[in-house]
Amino acid sequence: MKPVAVIDFETTGLSPALGDRATEVAIVILEGDQVVGRFQSLMNAGVRISPFIEAYTGISNEMVQAAPPAEEVMAEAARFVGATPMVAHNASFDQRFWEAELERLGSDTPAQPPFACTLLLSRRLYPEAGSYKLGSLAAFHALPSSGRAHRALADAEVAAALLARIQGDLQRDYELEHVPHELLLKVQKAQRKAVPKAIRSYFQAGSKP
DNA sequence: TGCCAGGCCCTCTTTAGGGCCTT
């Protein structure tokens, strides 16, 4: 069973292109349905946190001022992840911050496959869920909660539990031994009704389950 | 100067608009 790295960022806002920066990162390594590694750190990017964000995340200016520099934390996070394929909830958000913060390091980082996304996968697999917020999906699946929502490690743990659920459901429904990252990417890219066809074509193309 | 996300997905759609989701 190959590991995947489930990541969650807390940030000062929605867009690194508009100057927003990461304030906290957490990474959970998942093998099958088992968590085998965790990384979590606040980071100091030298930017102010707005009152809205402070209330939303519980991360204050005092907390990040006491944290290690963002470059140091991101370098350590990159070493922790290595070449492990990555997953996040609404992954386009976390992937943008991952790439933007790593780009600031100025060093070469290993090429990685695209992030798999538990939000896109849930839209494909659970059309009856209604809401696709991380907390709503956790309630829908009765996943265990682990700490304060909107803190990086708690959200990464919930996203990892959601991914384990998704992988388990795919294994059961399609009689798979395991669910490769590449298959998750195929499924999240397919239209909802085309998911079974996408899975069949993945294995007919010569990939082994 | 002032303003500013980006991508997905549904529908009263495709020569578009608006809601959702992440902080």
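Every chain is numbered from 1 and lettered A, B, ... according to where its sequence line falls, protein lines coming before strand lines.
The list of salt bridge (charged side-chain N to carboxylate O under 4.0 Å, His left out) pairs with a residue in residues 31-54 of chain A, not counting sequence neighbours, reads Arg38(A)-Glu157(A). Every pair tested for ring-ring contact (aromatic ring centres under 6.0 Å, His included) that includes a residue from residues 11-38 of chain A fails, sequence neighbours excluded, so the list is empty. Listed by first then second residue, pairs satisfying ring-ring contact (aromatic ring centres under 6.0 Å, His included) with a partner in residues 128-149 of chain A read Tyr126(A)-His141(A), not counting sequence neighbours.
Nearest-nucleotide mapping onto DNA chain B: of Ser15(A) and Arg192(A), the residue sitting toward the 5' end is Ser15(A). Residue-to-nucleotide proximity on DNA chain B shows that, of Arg124(A) and Leu18(A), the 5′-proximal contact is made by Leu18(A).
On the P atoms, dG7(B) is 28 Å away from dG2(B), given to the nearest whole Å. For the P atoms, the distance linking dC4(B) with dC8(B) amounts to 23 Å, nearest Å. Rounded to whole Å, the separation between the C1' atoms of dA5(B) and dT23(B) comes to 11 Å. dC12(B) and dG19(B) have their C1' atoms separated by 15 Å, given to the nearest Å. On the C1' atoms, dC3(B) is 27 Å away from dC9(B), given to the nearest whole Å.
Straight-line distance from the CG atom of Asp20(A) to the P atom of dG6(B): 11 Å, rounded to whole Å. What separates CG of Leu120(A) from P of dC10(B) is a distance of 11 Å, to the nearest Å. Per the geometry, CD belonging to Gln95(A) stands 11 Å off P belonging to dC8(B), to the nearest Å.
Not counting sequence neighbours, the partners of Arg21(A) by the salt bridge (charged side-chain N to carboxylate O under 4.0 Å, His left out) test are Glu101(A). Phe93(A) meets the ring pair (Phe, Tyr, Trp, His ring centres under 6.0 Å) test with Phe97(A); sequence neighbours excluded.
For the pair Ile199(A)/Leu170(A), a side-chain contact is recorded, criterion being any heavy-atom separation below 4.5 Å from C-beta on.
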>> For a quick check, with a 4.0 angstrom heavy-atom cut-off, what is the B/S/- contact string for nucleotides 17-23 of chain B, read 5' to 3'?
In response: ---BBBB
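When heavy atoms are screened at a 4.0 angstrom cut-off, Arg151(A) is found touching no nucleic acid atom at all. Among the atoms of the strands shown, none is found under 4.0 Å from any heavy atom of Arg21(A).
Residue Leu184(A) holds its CG atom at 10.5 Å from SG of Cys117(A), rounded to the nearest 0.5 Å.
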